[in-house]
Each structure stands twice: as C-alpha cells, then as structure tokens.
Amino acid sequence: MIKQVSPPQSWSTRYTFADICGISPSIVAAMTLAHKAAQAECSTLILGESGTGKGLFAQAIHAASPHHAGPFVPIDCAAIPRELLEAELFGYAPGAFSGATTAGKPGKFELAHGGTVFLDEIGEMSLEMQAKLLRVLQEHQVVRVGGIAPITVDFTVIAATHQALETMASQGEFRRDLLYRLDVIRIAIPSLRERPE
C-alpha cells in the first residue's frame, strides 16, 4: 500500500455561505439545499449557467461540511487536455512515460483524501474518463498511471456543469450510471438575470 500524500496547504476554500449574495426565493432555496448537501456528505451535482457561482457554492458546501479541515481540490475538466487528464486525476508511477519524474506523482484524487473533489465542467469529460471516474466512485481506489498497487481514497464529490447532462446521457454522450452516482443531491443555481438584486 502506498503512503497517503499530504496536499498543499493552498488547497483550502476561500468562500463560505456568507459570501453568497441574494435574497430571491430561488437563491435562498439553492442555499438551503446546499446546506443540506454539506451535512449529508454525499455526491452533489450543481447546475447553472456560466458565471452563476457554481464554484462559490462548491467551496461553501465544503467549508460547511464535517470534513472542512480536509483539502478542497478543484479540477477544471474543460481546461486539462484529454491526454493529460488521466495522469492529473490518478497520478503516475515512477518512469510511467517519457518525461515522468523518477519519484512519480500523486493525482488529484489521492491529494483530496479526507476532503472534497470539485469536478468543474464535468460534461466536458470524455466517455473513457467517465468510466474510470465511475470505478473510483464505486471502489474508492485509484491506480496511478503505470502503477499496479491500488491506493485507497476517501473524498466527497461535487460536480458542476452548465450542460444538460440528462440530454447528453440520452444521446450517449454522458454515462447514465455516472450521472446516477453524481446526482444524489442536485442544486440548480438561478441565472443572474433571475436575481437582479
């Protein structure tokens, strides 16, 4: 078994529920549900247009959860090239590929042990990576790229997207079983035009 790696101190939250502005019934309802998600420590899916504050909600949920002292590890699934995403999420063993360090590198899932992983823009993840993510959520283990030893991980998942995942699932563009795993609590954040206050 590989020794768990401590995450950088910088992987903590900056925002709490006190930083979320709005008094409209829709934003109050979203905040109420987010408070429940924080205490439930289960997978949460945050839906909303770009700029509505999905990342802010994710940080607030982590900060209000029982594991708030653990790391908050954000992953922008749209920003990491597909060919690098697996190594970023799972890490890699020493010498796993050309350019790999001799010591290997822990992945984001490993670094999030005891805390929260925030998968932003989950709808951009390829079907192949969706299958690997599903296995992690089911087995609570990861294997580094080029490695053979499974590493136990324990974290809460918050996923966010502006896309209609159910439509994508019906079109075969998103795994329905993964959607089922992520969509335990769903929070729909109203657009800014719906809360001008």
Any donor-acceptor pair under 3.5 Å from Gln130 side chain to Arg175 backbone | yes
Are Glu128 and Arg82 ion-paired here, with the side-chain N under 4.0 Å from a carboxylate O?
-> no
Can you tell me how far the CD atom of Gln59 sits from the OG1 atom of Thr116, to the nearest 0.5 Å?
-> 10.5 Å
Spacing of Leu56 atom CG and Arg14 atom CZ [to the nearest 0.5 Å] | 10.0 Å
Where the side chain of His62 meets the backbone of Gly70, is there a donor-acceptor pair that is under 3.5 Å apart?
-> yes
Would you say the side chain of Thr13 lies within less than 4.5 Å of the side chain of Tyr15, judging by non-hydrogen atoms?
-> no
What distance separates Phe90 CZ from Arg144 CZ, expressed to the nearest 0.5 Å?
-> 12.5 Å
For atom NE2 of His68, decide whether the heavy atoms of other residues, nucleotides or ligands shown that lie under 6.0 angstrom number more than 12.
-> no
Any side-chain heavy atom of Leu111 within less than 4.5 Å of one from Phe155?
-> no
Where is the tightest heavy-atom contact between Ala63 and Thr16, given as atom of each residue plus distance?
-> CB-CG2, 4.1 Å
Atom pairs and distances, side-chain donor-acceptor, residues 45-53, under 3.5 Å, sequence neighbours left out:
from  : atom 1 : to     : atom 2 : distance (Å)
Glu49 : OE1    : Arg193 : NH1    : 3.1
Glu49 : OE2    : Arg193 : NH2    : 2.7
Thr52 : OG1    : Glu49  : O      : 2.7

Gln138 side chain reached by Arg181 side chain, heavy atoms, under 4.5 Å | yes
If you count the non-hydrogen atoms of other residues, nucleotides and ligands that lie under 6.0 Å from CD1 in Ile148, is the total more than 12?
-> no
Of all heavy-atom pairs between Pro71 and Gly114, which one has the smallest distance, and what is that distance?
-> CD-C, 4.2 Å
Short question: side chain of Gln39, backbone of Ala64 - any donor-acceptor pair under 3.5 Å?
-> yes
Could you tell me whether the side chain of Ile187 reaches within less than 4.5 Å of the side chain of Ile61, counting heavy atoms only?
-> yes
About how many Å separate NE2 of His162 and OG of Ser191, when rounded to the nearest 0.5 Å?
-> 14.0 Å
CA sep, side-chain torsions, deciding dist, call: Leu178, Arg135, side chain to side chain contact (heavy atoms under 4.5 Å, CB included) = CA-CA 9 Å; Leu178 177 58; Arg135 181 172 293 276; over 6 Å; no
To the nearest 0.5 Å, how far apart are OG1 in Thr44 and CG in Leu33?
-> 8.0 Å
Thr152 side chain to Pro150 main-chain N or O, any donor-acceptor pair under 3.5 Å?
-> no
Could you tell me whether the side chain of Val153 reaches within less than 4.5 Å of the side chain of Glu139, counting heavy atoms only?
-> no
Under a 4.5 Å cut-off applied to non-hydrogen side-chain atoms, are Pro25 and Val28 in contact?
-> no
Should Leu84 and Val143 be counted in the same cluster of Ile, Leu, Val, Met, Phe, Trp and Tyr side chains packed under 4.5 Å apart?
-> no
Taking only residues two or more places apart in sequence or in another chain, which ones pass salt bridge (Lys or Arg N to Asp or Glu O under 4.0 Å) with Asp183?
-> Arg186
Hey, are the side chains of Val157 and Phe118 touching, using non-hydrogen atoms and a 4.5 Å cut-off?
-> no
Gln163/Glu124 under side-chain hydrogen bond (donor to acceptor under 3.5 Å, both in side chains): CA gap, chis, key distance, verdict | CA-CA 9 Å; Gln163 300 184 37; Glu124 300 294 333; 2.7 Å; yes
Let me see the working for Leu182 and Phe174 under side chain to side chain contact (heavy atoms under 4.5 Å, CB included), right down to the final yes or no.
-> CA-CA 12 Å; Leu182 297 174; Phe174 197 86; 4.2 Å; yes
Nearest non-hydrogen partners of Pro66 and Ala38, listed with the distance | CD-O, 3.4 Å
Short side-chain to backbone donor-acceptor contact, Glu121 and Asp76, under 3.5 Å = no
Give a yes or no on whether Glu173 atom CD has more than 12 heavy-atom contacts from other residues, nucleotides or ligands under 6.0 Å away.
-> yes
Atom pair NZ/CG of Lys108 and Leu85 - distance to nearest 0.5 Å = 9.0 Å
Side chain proximity check, Phe72 to Val117, heavy atoms < 4.5 angstrom | no
What is the minimum heavy-atom distance between Ser26 and Pro190, and which atoms define it?
-> OG-CG, 3.4 Å
Glu88 vs Ile75, side chain to side chain contact (heavy atoms under 4.5 Å, CB included): CA-CA, chis, key distance, verdict | CA-CA 9 Å; Glu88 279 293 312; Ile75 301 164; over 6 Å; no
Does His140 use its side chain to pair, donor to acceptor, with the backbone of Asp154 at less than 3.5 Å?
-> no
Does the Glu110 side chain pair with the main chain of Ile151, one donor and one acceptor, at a distance under 3.5 Å?
-> no
Verdict with reasoning, Cys77 to Met129, per side chain to side chain contact (heavy atoms under 4.5 Å, CB included) | CA-CA 10 Å; Cys77 300; Met129 283 305 302; over 6 Å; no
Cys42 to Thr156 - nearest heavy-atom pair and separation | O-CG2, 3.7 Å
Shortest non-hydrogen contact between Ala60 and Ile20, atoms and distance = CB-CD1, 4.2 Å
Would His35 and Phe17 count as a close aromatic pair, with their ring centres under 6.0 Å?
-> yes
